[in-house]
Each structure stands twice: as structure tokens, then as C-alpha cells.
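Below is one structure, written out as C-alpha cells; comments come after it.
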Amino acid sequence: MATFRARDRSSAVLQSSRSEVWAALTDPDLIARLTPYVTSIEAHGDRWTWRMGTIPVLGISVAPKFTEVMELHPEERIVFTHDPEQPDEMTAVTGTYDLADHGDGGTEVSIDLEIAATLPLPGLARIAVERVMAGVVKHMGAVFSRNLLKHLGEA
């Protein structure tokens with residue numbers, strides 16, 4: 001068993017208002033519908049449990065489940081950290097969404113997140129596994145962005 005990581009940092013300027021973007025980013029059912037591989041997100045207060053479909057990684061298949069503590073700073077920032085009360089989960093995500101005004105009513109959205117997955121693979125597979133993880137994360141981000149723009153009426 002070894003822990004593998006992938007990180008995503010990106011930003012975009014949306015034409016939608018901060019309140020519209022905020023409403024979308026804090027709706028767990030909507031986020032689940034917009035994000036590939038995510039099958040559901042159950043919100044219980046500030047704890048969101050994410051369930052994902054099966055993802056193949058170097059001959060094994062994983063179906064991640066992880067619980068995040070969501071710290072919401074209305075219309076400015078979302079901070080998410082893995083729930084310390086769920087130490088047996090094999091996947092954890094930490095990061096932030098930042099929202100800022102841009103131009104006449106638009107919103108700049110920045111994300112910085114890191115995924116850590118403990119898998120039944122040797123550490124020697126790190127380069128290959130992390131390359132696959134980075135590809136999956138990049139795909140998820142691109143499809144999520146496209147779906148979010150469509151939801152907001154910008155596509």
C-alpha cells in the first residue's frame with residue numbers, strides 16, 4: 001500500500017455573479033450532477049461524503065468514497081479538508097475555491113486542490129499512478145467547468 005497524490009490549480013473568469021456561482025458551488029446535488037465519476041454527495045451539516053464510480057488505475061479498479069469538512073465563507077471562499085473522524089477512508093481531498101469580483105458583474109473563480117489516494121500498489125508505481133491520477137483530475141475539471149458554464153447559461 002502506498003499513498004499517491006494529484007493536484008489541480010486553475011482559475012477562470014465567469015460572466016455570472018458571485019451569488020450565482022456561490023449557489024452552484026455549495027449545492028452538493030448539483031456538484032454531483034456536474035462532476036464526472038461522482039455518483040453522489042451526501043451533505044450532513046458541514047460534512048459532505050462524496051461517492052465516486054469505479055476508476056481503473058494500473059490494473060486495479062477503485063471506487064473512492066471520502067468525507068470532507070466544508071468551511072464556507074459566503075460568496076468568498078470554500079475550504080475543504082478531509083474529515084479527521086474518517087481515518088479509514090482511503091481517499092482524501094483538501095483545497096480551496098476562491099471567488100472574487102471581476103469586471104462588470106463577473107466572477108473570478110480559483111481552485112487549488114490535492115487528492116491523496118492510498119492504493120494497494122507499491123510506491124515504485126508512483127510515477128505511473130500519479131500520471132493516471134493527474135489525467136483523471138484534469139478530465140474531471142474540464143468536464144465540470146463545461147457543465148458549470150452550461151448550468152450558469154454561459155455555454
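Small disclaimer: the values here were computed from a predicted structure and weren't measured. Values reported hereafter were calculated over all heavy atoms of this structure, with side chains retained and with hydrogens, waters and symmetry mates removed.
Lys65 pairs by the salt bridge (Lys or Arg N to Asp or Glu O under 4.0 Å) definition with Glu89, not counting sequence neighbours. With sequence neighbours left out, the side-chain hydrogen bond (donor to acceptor under 3.5 Å, both in side chains) criterion links Asp27 to no other residue. Every salt bridge (Lys or Arg N to Asp or Glu O under 4.0 Å) that Arg7 has, sequence neighbours left out, goes to Asp112. Under the rule for a salt bridge (Lys or Arg N to Asp or Glu O under 4.0 Å), the partners of Arg126 that lie at least two apart in sequence or sit in another chain are Glu130. Every residue was checked against the salt bridge (Lys or Arg N to Asp or Glu O under 4.0 Å) condition with Arg146, not counting sequence neighbours, and none meets it. Every residue was checked against the side-chain hydrogen bond (donor to acceptor under 3.5 Å, both in side chains) condition with Ser10, not counting sequence neighbours, and none meets it. Residues passing the side-chain contact (heavy atoms from CB on, under 4.5 Å) test with Arg33, sequence neighbours excluded: Asp29, Leu30. Applying the side-chain hydrogen bond (donor to acceptor under 3.5 Å, both in side chains) rule to Glu154 yields the partners Ser16; only residues at least two apart in sequence or on another chain are considered. By the side-chain hydrogen bond (donor to acceptor under 3.5 Å, both in side chains) test, Asp8 pairs with no residue at all, sequence neighbours left out.
Between the side chain of Ser11 and the main chain of Ser110, no donor-acceptor pair closer than 3.5 Å is present. The backbone N or O of Val93 lies less than 3.5 Å from a partner atom in the side chain of Glu68, making a donor-acceptor pair.
Heavy-atom minimum distance, Met133 versus Ile115: CE-O, 3.9 Å. Nearest approach of Ile78 to Trp22, heavy atoms of both residues: CG1-CZ3, 3.4 Å.
For residues 71-81, every residue pair satisfying the side-chain hydrogen bond (donor to acceptor under 3.5 Å, both in side chains) rule, not counting sequence neighbours, is listed here: Glu71-His73, Arg77-Asp98.
Under the 4.5 Å side-chain criterion, counting only non-hydrogen atoms from C-beta, Ile127 is in contact with Arg131. Side-chain contact between Val69 and Pro84: present, with at least one pair of heavy atoms (C-beta onward) separated by less than 4.5 Å.
Hydrophobic cluster of Met90: the remaining members, joined at side-chain heavy-atom separations below 4.5 Å, are Met1, listed by chain and number.
To the nearest 0.5 Å, the span separating OH on Tyr37 from CE on Met140 amounts to 8.0 Å. The CD1 atom of Ile60 lies 5.0 Å from the CG atom of Leu119; values are rounded to the nearest 0.5 Å. Between the CG atom in Leu152 and the CD atom in Gln15 there is a gap of 11.0 Å [rounded to 0.5 Å].
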Point to revise | Derivation of the side chain to side chain contact (heavy atoms under 4.5 Å, CB included) call for Ile31 and Leu25 | key: CA-CA 7 Å; Ile31 295 293; Leu25 294 179; 4.2 Å; yes
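The number of heavy-atom neighbours closer than 6.0 Å to NE2 of His102, taken from other residues, nucleotides and ligands shown, is 12 or below.
Transitive grouping of hydrophobic side chains (ILVMFWY, heavy atoms separated by less than 4.5 Å) keeps Val79 and Leu99 in distinct clusters.
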All N/O donor-acceptor pairs, side-chain side in residues 38-55, below 3.5 Å, sequence neighbours left out:
from	atom 1	to	atom 2	distance (Å)
Thr39	OG1	Arg51	O	3.1
Arg47	NE	Asp83	OD2	3.0
Thr49	OG1	Thr67	OG1	3.1

